[in-house]
Amino acid sequence: MTWLEKTREKLKGVPKRDLPGGLWVKCDGCSEILYKKELEKTLWTCPSCNHHFRVPAMTFVKMLSDEFAEVDREVISADPLNFRGSAKTYKDQVRQARAKTGLNEALLTGEAKLEGQPYWLGVMDFGFMGGSMGSAVGEKFARLGERALTTRRPLIVSSQSGGARMQEGVLSLMQLARACVRLAELEEAGVPFISIMTHPTTGGTTASFASLGDVILAEPQALIGFAGARVIAQTIRQELPPGFQRAEFLLEHGMVDRVVHRKDLRATLSFLLRFYAARDRGSRGA
């Protein structure tokens, strides 16, 4: 008898009204029914198939840092095009996203420390309008990059995004180039940028800063790409290879440096931060 079957057997005589809701979740990878409190212990990864659940930005921040102080929370989206969709205005969509996530924008930024090593951290949240990149996200990214440049501390950004935010039109697309310019300044100054691609990282986010890390890490089976697989297949009129646009496929073809299980991510980042700190001390000594 499996653990799940034993649990069900125990619960047979318990009235349904006495069982609190929201305690279980179905794995998208293997369809196993999992207890949420156990999932928290495994950093929201399935113990059966290693599927990495999508997590809110603040949860990911806690995984990647010992200390975190948010910056630039006042930077919020405007509505430059007075955009209105079929059902809601852009302002309504932003308002609902704030209530749902507790964030002011799709990118959470702050000053962080991991095992004594200071750095600047940005984490995108797919729950905030699909982690889309509008002018406020671009501004927060640019400011975070400027802080990294001024302090010469590494910049780490975790991506989880559907791409540019269409409600802001060309102003959203401008942020892609803006982020790349900031990263070019960091590269020229020798300040490291570590990019973490989680599921999904697509569209303009992939086409801009997420693919420009000095080190690019990806979570297992993360969907990473620019256009959708069906669009690509129809455009080139070819059948796409198995695993196309998944992290492991990109690793095999040199697009990412390492696929890292979430349980190993802290140790990997700690090693990289120590490496860059030692390199910085060595260059100053020389």
Can you tell me which residue pairs pass the side-chain hydrogen bond (donor to acceptor under 3.5 Å, both in side chains) test with a partner in residues 219-245, sequence neighbours excluded?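 For residues 219-245: Glu219-Arg262, Gln221-Glu248.
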
- request: Take Lys37 and Glu40, measure what salt bridge (Lys or Arg N to Asp or Glu O under 4.0 Å) needs, and give me the verdict at the end.
  value: CA-CA 5 Å; Lys37 288 193 178 296; Glu40 290 176 11; 5.4 Å; no

Can you find a pair of side-chain heavy atoms, one from Ser48 and one from Cys27, that are under 4.5 Å apart?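 A side-chain contact under 4.5 Å is absent here.
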
| Do Thr202 and Leu223 touch side chain to side chain, with heavy atoms closer than 4.5 Å? |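 The answer is yes, as the side chains (C-beta and beyond) meet within the 4.5 Å cut-off.
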
### Query
Name the one of Leu144, Thr109, Asn104 that satisfies side-chain contact (heavy atoms from CB on, under 4.5 Å) with Asp72?
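Exactly one option meets the side-chain contact (heavy atoms from CB on, under 4.5 Å) with Asp72, and it is Thr109.
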
Side-chain donor or acceptor of Thr201 paired with backbone N/O of Thr198 under 3.5 Å:
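Answer holds: yes.
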
Quiz prompt | Stepwise salt bridge (Lys or Arg N to Asp or Glu O under 4.0 Å) check, Glu115 with Arg274 | solution = CA-CA 9 Å; Glu115 296 183 1; Arg274 292 196 307 271; 3.7 Å; yes

SB check Asp79 Arg84 (cutoff 4.0 Å):
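No, Asp79 and Arg84 are not salt-bridged.
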
(message) Do the side chains of Asp264 and Arg258 get close enough for a salt bridge, i.e. N-O under 4.0 angstrom?
(response)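 Not counted as a salt bridge, because no side-chain N and carboxylate O are separated by less than 4.0 Å.
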
Please name all residues satisfying side chain to side chain contact (heavy atoms under 4.5 Å, CB included) with Leu173, sequence neighbours left out, ordered by chain then number.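 Expected list: Ala164, Leu176.
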
> What distance separates Phe141 CZ from Met124 CE, expressed to the nearest 0.5 Å?
Replying inline: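 Spacing of CZ (Phe141) from CE (Met124) equals 9.5 Å.
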
- prompt: Can you tell me how far CZ of Phe53 sits from CG of Leu39, rounded to the nearest 0.5 angstrom?
  reply: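 Taking CG in Leu39 and CZ in Phe53, the distance rounds to 5.0 Å.
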
* Test ring pair (Phe, Tyr, Trp, His ring centres under 6.0 Å) applied to Phe128 - qualifying residues, sequence neighbours left out ->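 Phe128 satisfies ring pair (Phe, Tyr, Trp, His ring centres under 6.0 Å) with no other residue.
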
Do Glu168 and Tyr90 pair up side chain to side chain, a donor and an acceptor below 3.5 Å, judged on atom types alone?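 Yes, Tyr90 and Glu168 have a side-chain donor paired with an acceptor closer than 3.5 Å.
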
Please check if any side-chain donor atom of Ser161 sits under 3.5 Å from a side-chain acceptor atom of Thr205, or the reverse.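 The answer is yes; a qualifying pair exists.
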
Notebook entry, point to check: Can you check salt bridge (Lys or Arg N to Asp or Glu O under 4.0 Å) on Arg266 and Asp66, steps first, answer last?
Noted result: CA-CA 10 Å; Arg266 278 177 64 94; Asp66 300 320; 2.7 Å; yes

Just wondering, are more than 12 heavy atoms of other shown residues or ligands nearer than 6.0 Å to [atom1] in [X]?
X: Met58; atom1: CE; answer: yes
X: Glu185; atom1: CD; answer: yes
X: Met166; atom1: CE; answer: no

| task | Take Glu139 and Arg143, measure what salt bridge (Lys or Arg N to Asp or Glu O under 4.0 Å) needs, and give me the verdict at the end. | result | CA-CA 6 Å; Glu139 175 67 19; Arg143 290 190 185 188; 2.7 Å; yes

